[in-house]
Protein chains: 2
Amino acid sequence: MGNARRDKPADPAFVCGHKDPMAVRELLTRVGDKWSIFLILSLARSLGGRARFSELEKTIPGISQRMLTLTLRNLERDGLIAREVFPEIPPRVEYELTSLGKSLLDPLQGLVDWVTANWEQVKEVQSGFDAGRGSKRKINS
Amino acid sequence: MGNARRDKPADPAFVCGHKDPMAVRELLTRVGDKWSIFLILSLARSLGGRARFSELEKTIPGISQRMLTLTLRNLERDGLIAREVFPEIPPRVEYELTSLGKSLLDPLQGLVDWVTANWEQVKEVQSGFDAGRGSKRKINS
DNA sequence: TACAGCGATGAATGTGCCTTCTTGTGTGTT
DNA sequence: AACACACAAGAAGGCACATTCATCGCTGTA
């Protein structure tokens with residue numbers, strides 16, 4: 001088989017000479033979904049690091065009840081938040097960051113700081129790109 | 001209209017009492033896509049911080065020619081990488097991290113370190129979750 | 001003239017996330 | 001009886017991302 005471009009090692013765990021990037025990608029995929037970062041930051045800023053379902057729903061504008069449930073489940077599955085159900089009627093459910101979740105706040109804060117410092121520049125570059133090479137515009141020398 | 005659950009402030013920029021999270025989400029959405037993190041880390045580890053298209057294609061197993069192009073475009077649009085075309089035949093195109101892109105390496109390294117330290121625990125929690133509350137399993141006693 | 005080489009782009013398909021609407025649970029209230 | 005509450009989970013649809021296949025650009029070479 002003359003595979004000119006098919007010489008892939010088929011070893012996705014061996015990217016960039018390190019095993020980490022695969023895991024980093026998984027983390028970014030989860031934390032990079034539409035609502036996770038809001039939930040994490042909201043819980044971090046809640047008093048006592050705790051909040052109940054309905055509080056989170058009010059805190060995060062635009063999130064639907066369903067997406068709140070699903071996103072909380074995913075974060076719980078990763079061990080970043082803990083769920084506590086109180087046997088009351090009507091039900092009360094509280095969420096909080098686990099120690100694992102809190103430990104993630106540090107690197108996340110690094111990203112937040114970077115965005116605070118550089119996001120304006122990113123938007124400018126985007127605008128320039130969209131005005132030039134981005135769209136199909138000719139540049140008049 | 002009796003909107004029982006429709007009392008959304010419709011101000012998505014005002015999440016968590018800060019304006020940052022919206023931008024952080026945009027960054028995470030971009031960097032959290034399937035290939036961006038690999039490209040950034042690969043470029044960071046390339047000699048001289050530069051690599052040409054075909055090198056990146058070999059370095060990152062599994063990526064298709066098209067996704068490499070698209071992901072590079074997006075990162076270029078955000079100002080994280082720079083593209084240089086050499087007027088040769090066959091064409092040669094080299095990519096490198098901009099200073100903006102390099103400045104992002106610091107917070108990203110924070111995430112990489114966190115993953116290195118905690119990913120094993122995350123996988124364990126996931127396994128436990130999938131074995132218990134995650135799937136539809138009953139717990140005996 | 002046919003092909004190799006590198007990079008980019010287009011079309012068509014598939015997959016998964018996100019959204020919206022709806023239903024369910026159990027008790028206390030009207 | 002009918003409804004409210006707070007939380008959860010199902011079904012159905014849309015849309016954005018990802019994949020695969022195909023083609024184009026230009027030149028030197030067999």
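Note that this is a predicted model, so its numbers are computed, not measured. Throughout, a chain's letter reflects where its sequence line sits, starting with A, and its residues are numbered from 1.
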Item to complete: Using heavy atoms to find the nearest nucleotide of DNA chain C for A/G32 and A/P90 separately, return the residue whose nucleotide is more 5′.
Response: A/G32
Discussion item. Starting the side chain at C-beta, find the nucleotide from C/dT9, C/dC6, D/dA9 nearest to B/R73.
Written reply: C/dT9
Worksheet item: Does A/R66 make a side-chain N or O approach to OP1 or OP2 of D/dC7 shorter than 4.0 Å?
Response: no
Discussion item. Can you work out whether A/I89 or B/V85 has the more 5'-proximal nearest nucleotide on DNA chain C?
Written reply: B/V85
Response to the item:
Rounded to whole Å, the CZ-P distance (A/R30 to C/dG16) equals 14 Å
Practice prompt. Begin from the C-alpha positions of B/V93 and B/E84 and carry the test side chain to side chain contact (heavy atoms under 4.5 Å, CB included) through to its verdict.
Written response: CA-CA 6 Å; B/V93 182; B/E84 186 175 6; over 6 Å; no
Response to the item:
Among D/dC7, C/dC18, D/dA18, the one nearest any side-chain atom of A/P91 is D/dC7
Discussion item. Quick check: on DNA chain D, is the nucleotide nearest A/V93 upstream (toward 5') of the one nearest B/W35, or the reverse? Name the residue that is more 5'.
Written reply: A/V93
Discussion item. Quick check on D/dC7: is either OP1 or OP2 less than 4.0 Å from any side-chain nitrogen or oxygen of A/S54?
Written reply: yes
Fill in: Residue pairs, two or more places apart or on separate chains, that pass side-chain hydrogen bond (donor to acceptor under 3.5 Å, both in side chains) and touch residues 98-108 of chain B
A/W114-B/S103
Discussion item. Using the side-chain heavy atoms of B/K34, tell me which of these nucleotides is nearest: C/dT9, D/dC7, D/dA18.
Written reply: D/dA18
Response to the item:
Atom CZ of A/R92 and atom P of C/dT27 are separated, to the nearest Å, by 17 Å
Worksheet item: Can you tell me how far P of C/dC17 sits from CG of A/L70, to the nearest Å?
Response: 10 Å
